[in-house]
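To start, the structure under review is shown below, and the notes come after it.
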Amino acid sequence: MPKSIQIEVNGKQYPVEYEPETPLLYVLRDELGLTGSKYGCGEGQCGACTVLISGKPRRSCQIPVSAAVGKPVTTIEGLEKDGRLHPVQQAFVDAGAYQCAYCTPGMIMSSVGLLQENPNPSTMEIVQFLQGNLCRCGTQPRIVEAVQHAAKAMQEGGR
Amino acid sequence: MSNLTQKFLLEPERYELSSGSLHHFAMERREFFKLLGAGIAVFAVAKDALAQETAPSHGVHSHELPKEISAWLHIGEDGSVTAFSGKAEMGQNIRTSMAQNVADELRVPFESVRLVMGDTALTPFDMGTFGSRTTPTMTPQLRRVASAARDLLLETAAKEWNVAPEKLKAADAKITNPGSGKSVSYAELARGKTLAQNIPAEDPVTPPVEWTVAGKPLPKVDARDFVTGKHEYTPDVRRPGTLYGKVLRPPSFGATLTSYDDSAAKAMSGVTIVRDGDFVGAAAASEREARNALAAIRTQWKETPQISNRELFSYIKQNATNKDEDRFRKQSGSVEAGLAQAAHRLEATYTVAFIAHAPLEPRAAVAEWADGKLTVWTGSQRPFGVRGELADGLHIPENDVRVIVPDTGAAYGGKHTGDAAIEAARLARAAGKPVKVTWTREEEFTWAYFRPAGVIEVKAGIDGDGKLTAWEFHNYHSGASGIETPYAVANHRTEYHQVPLILRSGSYRGLAATANHFARETHMDALAHAAKMDPLEFRLKNISDPRLREVVEAAAKSLGWPRKKTQPGRGFGLGAGFEKGGYVCTCAEVAVDPTTKNVRVVRLVTAFECGAVVNPDGLRNQVVGANIQGLGGALFEAIEFENGRILNPRFSRYRVPRFRDVPEIQAVLVDRKDIAPAGAGETPIMGVAPAVGNAIFDAIGVRLNNLPLVPHGVKV
């Protein structure tokens, strides 16, 4: 039976009525209209649906909406602050780290999660961390480069 | 099949296009200005526009073509420039490169140009975004309209100032009279006008050496929308009251319904069930409800036994048609005589597996009906083709269908058909509300089409000096693209043999050129080793085309060929070729672990030449991307199937390249400003598989003749 619950997304409280086991991704996309998080596989294999839950990157296609109650959720739409791109977003633009860009929101959210945990990752650490994010266009080298640039920018900018 | 489709011969392995219709779009001038506001509009009439859309290699009949508007452009009263193309953006960065061409030719800032693409109501007819045709066809066409618009602006200013147009100069979105110092902006000239002009196809355009905006590594248009999640791909399109549609898939390919009971599903509230022949679908307020409704339908299916991949290659050989068309056969001299005079002879059989495109955005569509007219948003490479499919499938006139292609989450040749569009439209008609259908990954892996598997047989001979004396090459089923050898050989025979379809098959980036280059370049490598020659030296000895020589030498130089092996298990290989106007050579370095036999690709160097480069940054992305995608098919991708079922329809069971698989990659771009630009979406993938296979042989002396090379874990 649908349950009335409340979730916090990008700093806003949303009341939602949903079957508790519905994946968070569908609530974000279909209910809240936050379509930046993408469906890619539905089995946590591609990372296109990655969001931050309590600051940690999570596959929103694998997380039941009920598990997000009481925990702040950040989606790609929540990164930009006062019209300024997050350093990771800016680094992706600067490096041209996309082709079709369908994987980009998930890549960015995973990278933001990585840099929160490890502000100065090595190339190997970036590669390991993003192993679960697929880019079928083959833009991985530029994505690694973008994360490196973002790390530098965030350390310099104190973010 | 329409007459026009029959007239233009496409590559035979574009199996998915063997049906469908070609239709022409004609927009009323009045409507055009109503839509865009006043200003100046120019329409290119390119009588050969359609002929240019087809592959020339199998003989194109360009006679009796209707005059065709192929591109158009509008300059608004605010100076904004809008160019229209029926092509679709799906990651190949043509929205940016086409805008560069327009800005360059019109002499306006890049930022003032906007492209409207892939919308059957707004853009000129286009056969589809495939075959690496966008850059070679749209570059001259958009430049012609832009150049004509510039002429029109010059004439308009000349008339107002009462001077000869030749005395005036167009630059920076202004017409200037250097004599008087007077100038007027394009915006001012366009104000209050509804000027329209057709132009002949042969107007001269700016040559690449004089390009100022094109040729530069400009960043992707709309970049901000892609990094903020704002861009709406098809699955993100939201229309008021949209329902979610799901389709009941048969348990195996070709299964037919024998019993059907949807009474329980129909009793569910808010659910629309459609049964139309063997099509069964549901639309509801959420995907979950639609899925639950389908689960409540009781069905029985009649299934037919089908072949499985363990007997695939013997089936292909046994079922090759005997009577192949002449256009699939090329020969000269006598292969037998050439073999008789050879110092070394070599015969081998190569195979390639079925593989899937697996674009990250699955097939999807949103369909909306209003007053009997249908609008469909869908990620497709063929908006006009899908419009035809919708009209045929739903029995409505084509004029009542509009197809809009949002910039798409990739396709790689896999989105030529309108499957999701038809499903969404059928459900939306029954539901009386817009319906969105997004295929699951499993549907994508199962019900889309595959790159066809194939068997390739090669027989060749070389003389004592390492020159080819004979070359015989047969491709069964996978296709004819890139089948002809670029090496000089007097006695040769190449043939493509058709086989009845095994799985639903069709275009995939590069078509069969990847398979044919794998077989050819592996065989060339084996011939070099048979003659105890360096593989690079052997190829250079047999190359007569200077453009091919240039990329082979460029790649070898960047890699540092011949490389000394500093560690055991290291090896180097190369693969080269020519296709669709582009020349490529990939050099690979691999490391094979002496104990575990794990293969790691350490480095790829790919030299690529496709004439004048329009956007080196975008091109680099395409070349590197094709190399990485190519590693999947080279090393481990293979569709497994049994009796009409796909056994590995998930990313957890179908391995594609991930970050850890990506080696150091160097793209060496050879920019030939003296040659008209060709496309780049496909050819850079071709050299990867043979280069890696040849490097594995160099490393450990094991010759691998089957793609994927090392599918079971990365083990030899």
Side-chain angles (χ1 to χ4, degrees), chain A residues 18-19 22 26 29-31 33-46 48 75-80 85-86 88-94 96-106 108-109 124 126-144, chain B residues 89-93 217 219-220 223-233 235-238 242 244 286-288 357-362 407-412 438 440-442 617-618 620-622 624-632 650-652 656-662 664-665:
Chain A
Y18 246 83
E19 307 266 354
T22 300
Y26 292 87
R29 290 179 53 81
D30 302 339
E31 203 71 6
L34 298 170
T35 53
S37 309
K38 308 300 182 199
Y39 169 87
C41 69
E43 55 166 351
Q45 283 282 324
C46 78
T75 70
I76 188 74
E77 290 91 346
L79 285 188
E80 201 180 350
L85 294 180
H86 185 282
V88 174
Q89 291 173 309
Q90 188 61 51
F92 270 66
V93 172
D94 295 342
Y98 32 60
Q99 291 186 55
C100 81
Y102 191 84
C103 71
T104 303
I108 290 175
M109 296 315 289
M124 208 50 218
I126 298 170
V127 164
Q128 293 291 2
F129 200 87
L130 295 180
Q131 181 68 2
N133 287 73
L134 281 179
C135 169
R136 291 288 296 132
C137 296
T139 322
Q140 287 89 345
R142 289 190 185 197
I143 294 169
V144 173
Chain B
E89 170 66 54
M90 49 208 170
Q92 72 289 44
N93 208 33
K220 186 178 176 75
R224 205 183 171 95
D225 289 351
F226 291 106
V227 298
T228 53
K230 217 175 120 197
H231 172 70
E232 286 189 352
Y233 297 89
D236 308 330
V237 170
R238 286 159 61 89
T242 297
Y244 295 83
S286 70
E287 275 204 26
R288 164 192 290 267
H357 309 80
L360 210 50
E361 178 193 324
D407 289 10
T408 295
Y412 320 118
T438 306
T440 63
R441 181 54 55 190
E442 187 165 347
D617 185 65
R620 209 169 279 282
N621 235 345
Q622 283 284 287
V624 171
N627 274 218
I628 293 171
Q629 188 157 60
L631 280 176
R650 282 182 281 282
F651 282 130
S652 53
V656 294
R658 291 177 181 272
F659 277 84
R660 272 209 296 268
D661 301 309
V662 175
E664 180 194 336
I665 303 179

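So that the names make sense, note that chain A is the first sequence line, chain B the second, and so on, each numbered from 1.
- The parts of R658(B) that come within reach of chain A are both its backbone and its side chain, each placing non-hydrogen atoms under 4.5 angstrom from that chain.
- The cationic group of K220(B) lies under 6.0 Å from the six-membered ring centre of F226(B) and within 45° of the ring axis, placing it in a cation-pi geometry.
- Only the side chain of E287(B) has a heavy atom closer than 4.5 Å to any heavy atom of chain A.
- Checked options E80(A), Q90(A), Q89(A); the residue passing with R224(B) is E80(A) (criterion: side-chain hydrogen bond (donor to acceptor under 3.5 Å, both in side chains)).
- No side-chain donor from either of Q99(A) and R142(A) sits under 3.5 Å from a side-chain acceptor of the other.
- In terms of heavy-atom pairs under 4.5 Å with chain B, the best-connected choice from V93(A), N133(A), L134(A), I126(A) is L134(A).
- Neither the backbone nor the side chain of P219(B) comes within less than 4.5 Å of any heavy atom in chain A.
- The parts of V624(B) that come within reach of chain A are both its backbone and its side chain, each placing non-hydrogen atoms under 4.5 angstrom from that chain.
- Interface check for chain A: of the options F659(B), Y233(B), F651(B), the most heavy-atom pairs under 4.5 Å are formed by F659(B).
- Side-chain polar atoms of E43(A) and S652(B) form a donor-acceptor pair below 3.5 angstrom.
- Checked against salt bridge (charged side-chain N to carboxylate O under 4.0 Å, His left out), R650(B) has the following partners two or more places apart in sequence or in another chain: E442(B).
- The contact between R660(B) and chain A is made by backbone and side chain atoms together, counting heavy-atom distances below 4.5 Å.
- The candidate from C100(A), G36(A), A101(A) with the greatest count of non-hydrogen atom pairs under 4.5 Å with chain B is C100(A).
- Contacts between E77(A) and chain B at a heavy-atom distance below 4.5 Å involve backbone atoms as well as side-chain atoms.
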Could you walk me through whether Q629(B) and V656(B) satisfy the side chain to side chain contact (heavy atoms under 4.5 Å, CB included) test, starting with their C-alpha distance in whole Å, then the side-chain angles of each, then the deciding distance to 0.1 Å, before giving a yes or no? CA-CA 8 Å; Q629(B) 188 157 60; V656(B) 294; over 6 Å; no

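- Interface remark: L130(A) contributes backbone and side-chain atoms alike to the contact with chain B (heavy atom separation under 4.5 Å).
- Taking chain A as the reference chain and counting heavy-atom pairs below 4.5 Å, the highest number among Q622(B), E361(B), E664(B) is found for E361(B).
- With a 4.5 Å cut-off on non-hydrogen atoms, T75(A) does not touch chain B at all.
- N621(B) places no side-chain N or O within 3.5 Å of a backbone atom of T139(A) that could act as its donor or acceptor partner.
- Residue contact with chain B, scored on non-hydrogen atoms closer than 4.5 Å, involves the backbone and the side chain of Y39(A) alike.
- Counting heavy-atom pairs closer than 4.5 Å to chain A, the top residue among A411(B), P235(B), G625(B) is G625(B).
- Evaluation of the salt bridge (charged side-chain N to carboxylate O under 4.0 Å, His left out) rule for R620(B) yields no partner, not counting sequence neighbours.
- Looking only at heavy-atom pairs under 4.5 Å with chain A, the residue among T440(B), N93(B), D407(B) that has the most is T440(B).
- Ranked by heavy-atom pairs shorter than 4.5 Å toward chain A, the options P362(B), A358(B), A626(B), S286(B) are led by A358(B).
- The backbone N or O of C137(A) lies less than 3.5 Å from a partner atom in the side chain of Y412(B), making a donor-acceptor pair.
- For the residue pair R288(B) and T22(A), a side-chain donor N or O sits within less than 3.5 Å of a side-chain acceptor on the partner.
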